[in-house]
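Read through the structure below, which is laid out as structure tokens, and then see the notes.
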Amino acid sequence: MNILVLNSGSSSAKYRFYEMETEKCLCWGLVERIGSRGALMSHNRHDGNNLKKAIEIPDHAGAIESIIEVLLSPEHGVIEDKNNIDAIGHRVVHGGEKFSGSVLIDDEVMKQLYECIELAPLHNPHNIKGIMACREMLNDKPQVAVFDTAFHQGIPDYAYLYALPYSLYKKYGLRRYGFHGTSHRYVADRAAAMMDNPVENLKLITCHLGNGCSIAAVKNGVSIDTSMGFTPVEGLIMGTRCGDIDPAALLYIMSREDLGNSEANSLINKHSGLYGISGLSNDMREIESEALAGNSRAEVALDMFCYRIRKYIGAYAFAMGGVDGIVFTGGIGENSYEVRTRTLNELKLLNIELDPEKNKNRDTSERFIDFGRGVRTMVIPTNEELVIARDSIELIQG
Ligand code: ADP
């Protein structure tokens, strides 16, 4: 069985193609700048046969067409016939309260996906375009939607509601949804395997630290709280997003600086976070090297970033009534010794004792980074695409 995994964004489509008997990724790639001049396709085959070319891609249908074309290409491809694609798994950002798990897409699901657009107007329409294009080009093939929000649907009402008038929750669905759910689910399962204990027995805190950052409390395999909220702006400090702030501070800035909605939106999404504090960059590598070279704004940005994670770890340990393991994943979580050290070093309360060697090790595979005496701490590279492929197989096999 072969599964094509698609992640359709506003101007790009990422893909991975899996052979599921071995779970091997046969090829992967990216079509970028869809709809503008200079669209580009990068394709990588598992044996190192790679391709990068400029192509005309007017829309998402064109992107899917070129992906199918390259999968079939005698020179760079991995299959001989369209029929070798058994199903397509799509990453869908927002499933609202309608979806608490992955689903096979049919007309009723399509209708509900359209209804979720108002919750994620910048993301869901593009995910839907990818699905529609596949329906057109691979119309007899089953398609599966895997939602970023689904894993967090286990969060209880006292944790997902905001203390705003309840009527706004009823009217607009205004509540915490959380994101990165596929990643939190994957690393929680892997952590349980590493700890040789079923996930149903464990209290885990999973830190997904990439350009977007979120943290989740996973109790007995269920997400019971997470830091991103109604939108992915809430919670941790991120590359360019502010995370938690006093909502009245935003109203104050809007009034003092005479900002409209879209400018305010851009302020908290694109000009804040590591970039806003440091004035340098949204890239953790640059923040770290500047901080270590003595730049005080980079230093405070790094400290704020780690302090915010530490506060959440403390909160979630108490929310779950304990914690057995803490996982770091995402580009920063997997690679940054500095962030893991600054975040965990002061967590003596949890008996965490990092092993500097294991922590510093540049190994990219999953590993423990402690001496194994207290709460276990781990680095686990995330693999959202594999989860999408696995869910797709599970659903099409009934
Ligand atoms: P996305 O959320 O877009 O998938 P990633 O998970 O790839 O992003 O994470 C990107 C972040 O990871 C960037 O801030 C980048 O600086 C950081 N990062 C990547 N490699 C390292 C490294 N060696 N040390 C510190 N940070 C790193």
Side-chain angles (χ1 to χ4, degrees), residues 5-16 28-30 32 42 44 91 93 122-123 126-127 146 148 178-187 190 206-216 226-228 231-243 269-293 295 298-299 301-306 308-309 327-344 356 358-367 369 379-388:
V5 174
L6 278 178
N7 181 354
S8 312
S10 59
S11 64
S12 72
K14 291 185 195 149
Y15 62 94
R16 277 182 175 254
W28 62 97
L30 165 73
E32 39 189 340
S42 330
N44 309 280
R91 175 193 178 215
V93 168
L122 299 180
H123 295 100
H126 310 295
N127 306 151
V146 179
D148 273 20
F179 299 88
H180 293 143
T182 315
S183 175
H184 288 294
R185 171 155 72 104
Y186 174 79
V187 298
R190 287 308 311 152
T206 51
C207 310
H208 179 109
L209 311 176
N211 280 315
C213 301
S214 71
I215 180 165
T226 191
S227 57
M228 282 180 170
T231 74
V233 181
E234 195 183 347
L236 301 178
I237 292 168
M238 312 181 209
T240 57
R241 288 175 234 161
C242 59
N269 273 291
K270 299 195 175 133
H271 300 282
S272 299
L274 293 173
Y275 172 70
I277 304 155
S278 70
L280 289 170
S281 170
N282 63 331
D283 190 305
M284 183 54 91
R285 284 165 289 203
E286 207 172 326
I287 298 293
E288 274 182 20
S289 67
E290 285 293 323
L292 297 175
N295 181 313
E299 175 69 22
L302 184 54
D303 275 341
M304 287 170 71
F305 185 88
C306 299
R308 180 80 52 91
I309 302 170
V327 181
F328 284 85
T329 193
I332 299 172
E334 290 163 31
N335 292 297
S336 176
Y337 162 81
E338 198 62 35
V339 166
R340 294 191 300 262
T341 307
R342 288 189 192 213
T343 301
L344 295 180
K358 288 185 189 150
N359 190 16
K360 209 161 199 168
N361 181 349
R362 285 235 163 259
D363 190 356
T364 51
S365 58
E366 51 190 35
R367 65 185 190 277
I369 53 170
V379 170
I380 302 181
T382 194
N383 198 341
E384 289 153 286
E385 294 84 5
L386 182 60
V387 177
I388 296 175

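These values consider heavy atoms only, across backbone and side chains, with no hydrogens, waters or symmetry-generated copies. Atoms within each ligand, like the ligands themselves, are counted from 1 in listed order. Computed from a predicted model, the values in this text were never measured in an experiment.
Remark: Y186 pairs with no residue by the ring pair (Phe, Tyr, Trp, His ring centres under 6.0 Å) rule, at least two apart or across chains.
When only modelled atom types and interatomic distance are considered, S281 and D283 share no side-chain donor-acceptor pair under 3.5 Å. Between the side chains of T206 and H180, no donor-acceptor pair is found at a separation under 3.5 Å.
Remark: S278 OG to M284 CE distance equals 9.5 Å, nearest 0.5 Å. Here the CZ atom belonging to R91 is positioned 4.5 Å from the CG atom belonging to N7, to the nearest 0.5 angstrom.
Tested against L209 for a side-chain contact (heavy atoms from CB on, under 4.5 Å), the candidates L236, I215, N335 yield a single pass: L236.
Closer than 4.0 angstrom to ligand 1 sit non-hydrogen atoms from G210, N211, G212, N282, D283, M284, R285, E288, G330, G331, I332, N335, S336, R362.
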